[in-house]
**Student:** 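Attaching a single structure in structure tokens format; questions to follow.
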Amino acid sequence: MKKEDMVKLISAEGFEFVIDKDAAMVSQTIYNMLTSPGSFAETQHGEVTFPEISTTILEKICKYFYWHLQFASGKETEFPIEPELTLELMMAANYLHT
């Protein structure tokens with residue numbers, strides 16, 4: 001894939017997740033960050049840093065983005081969520097509008 005087809009999401013601990021831009025665009029917040037007019041760093045570099053989202057939660061969110069694309073295309077599978085992650089995931093999902 002081309003570099004412009006990828007997005008780098010960076011967790012609070014600095015861990016970097018490089019994912020397909022289409023997957024990242026599942027989030028309305030990330031979509032807005034990457035497509036806003038002007039010279040925002042996120043738009044120019046294709047990177048979004050989340051200082052409040054831990055690596056564990058951001059990893060699960062990235063998995064959800066891919067799951068969402070599969071589900072939207074008709075592939076119905078379960079998306080398991082560990083109970084101990086539920087509260088943090090709900091807060092992150094609220095922020096990301098996913």
Side-chain angles (χ1 to χ4, degrees):
M1 288 198 135
K2 298 176 191 172
K3 184 179 178 184
E4 57 270 5
D5 294 336
M6 305 301 283
V7 175
K8 186 185 298 182
L9 306 180
I10 305 169
S11 71
E13 296 86 4
F15 194 88
E16 299 176 352
F17 296 90
V18 179
I19 66 171
D20 295 332
K21 193 171 188 176
D22 289 340
M25 296 293 199
V26 167
S27 162
Q28 187 64 47
T29 301
I30 294 174
Y31 175 85
N32 290 339
M33 289 176 169
L34 295 175
T35 61
S36 296
S39 57
F40 294 103
E42 292 87 359
T43 305
Q44 291 179 346
H45 303 294
E47 290 184 11
V48 183
T49 301
F50 298 102
E52 301 296 323
I53 301 178
S54 71
T55 299
T56 304
I57 298 302
L58 191 54
E59 178 181 21
K60 194 69 166 181
I61 289 167
C62 290
K63 289 178 181 178
Y64 170 78
F65 292 160
Y66 284 105
W67 176 87
H68 179 85
L69 291 178
Q70 290 181 343
F71 187 83
S73 68
K75 183 177 179 186
E76 294 188 29
T77 60
E78 289 188 24
F79 185 76
I81 297 174
E82 297 79 6
E84 61 272 10
L85 300 180
T86 304
L87 180 59
E88 282 185 85
L89 276 172
M90 286 175 51
M91 292 185 332
N94 184 49
Y95 171 72
L96 295 171
H97 297 258
T98 55

**Student:** Would Ile10 and Tyr31 show up in the same hydrophobic cluster when neighbours are defined by side-chain heavy atoms closer than 4.5 Å?
**Tutor:** no
**Student:** Testing the basics here: between Pro51 and Ala12, what is the closest heavy-atom pair and its distance to 0.1 Å?
**Tutor:** O-CB, 3.2 Å
**Student:** Would you mind reporting whether Phe17 and Leu58 have side-chain heavy atoms less than 4.5 Å apart?
**Tutor:** yes
**Student:** Are Phe50 and Val18 connected in the hydrophobic side-chain network, where two residues link if heavy atoms are under 4.5 Å apart?
**Tutor:**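 Not linked; separate clusters.
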**Student:** Indicate every side-chain donor-acceptor pair of residues 22-30 with a distance under 3.5 Å to a residue at least two apart or in another chain.
**Tutor:**
unit_1, atom_1, unit_2, atom_2, d
Ser27, OG, Thr29, N, 3.3
Ser27, OG, Ile30, N, 3.1
Ser27, OG, Leu96, O, 2.7
Gln28, NE2, Asn32, OD1, 3.1
Thr29, OG1, Tyr95, O, 2.7
Thr29, OG1, Leu96, O, 3.4

**Student:** Checking side-chain contact (heavy atoms from CB on, under 4.5 Å) for the pair Leu9/Phe65: CA distance, chi angles, key distance, verdict?
**Tutor:** CA-CA 12 Å; Leu9 306 180; Phe65 292 160; 4.1 Å; yes
**Student:** Just so I know, are the side chains of Ile19 and Cys62 near enough to count as touching, which here means a heavy-atom distance under 4.5 Å?
**Tutor:**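 Counting from C-beta outward, Ile19 and Cys62 do come under 4.5 Å.
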**Student:** Kindly indicate, with the supporting measurements, whether the criterion side-chain contact (heavy atoms from CB on, under 4.5 Å) is fulfilled by Leu34 and Val7.
**Tutor:** CA-CA 9 Å; Leu34 295 175; Val7 175; 3.7 Å; yes
**Student:** Ignoring hydrogens, what is the shortest heavy-atom contact between Ser11 and Ser54? Give both atom names and the distance.
**Tutor:**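 Answer, listing the atom of Ser11 first, then Ser54: CB-C, 3.9 Å.
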**Student:** I'd like to check Met6 versus Asp20 (side-chain heavy atoms, cut-off strictly below 4.5 Å). Are they in contact?
**Tutor:** yes
**Student:** Which pairs count as salt bridge (Lys or Arg N to Asp or Glu O under 4.0 Å) when at least one residue sits in residues 9-18, sequence neighbours excluded?
**Tutor:**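 As it turns out, the salt bridge (Lys or Arg N to Asp or Glu O under 4.0 Å) pairs with a partner in residues 9-18, which skip direct neighbours, are Lys8-Glu16.
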**Student:** Could you go through residues 73-91 and list every donor-acceptor pair under 3.5 Å that involves a side-chain atom there, pairing it with any protein atom two or more places apart or in another chain?
**Tutor:**
unit_1, atom_1, unit_2, atom_2, d
Ser73, OG, Leu69, O, 3.4
Ser73, OG, Gln70, O, 2.8
Thr77, OG1, Trp67, NE1, 3.0
Glu82, OE1, Lys60, NZ, 3.3
Thr86, OG1, Pro83, O, 3.0

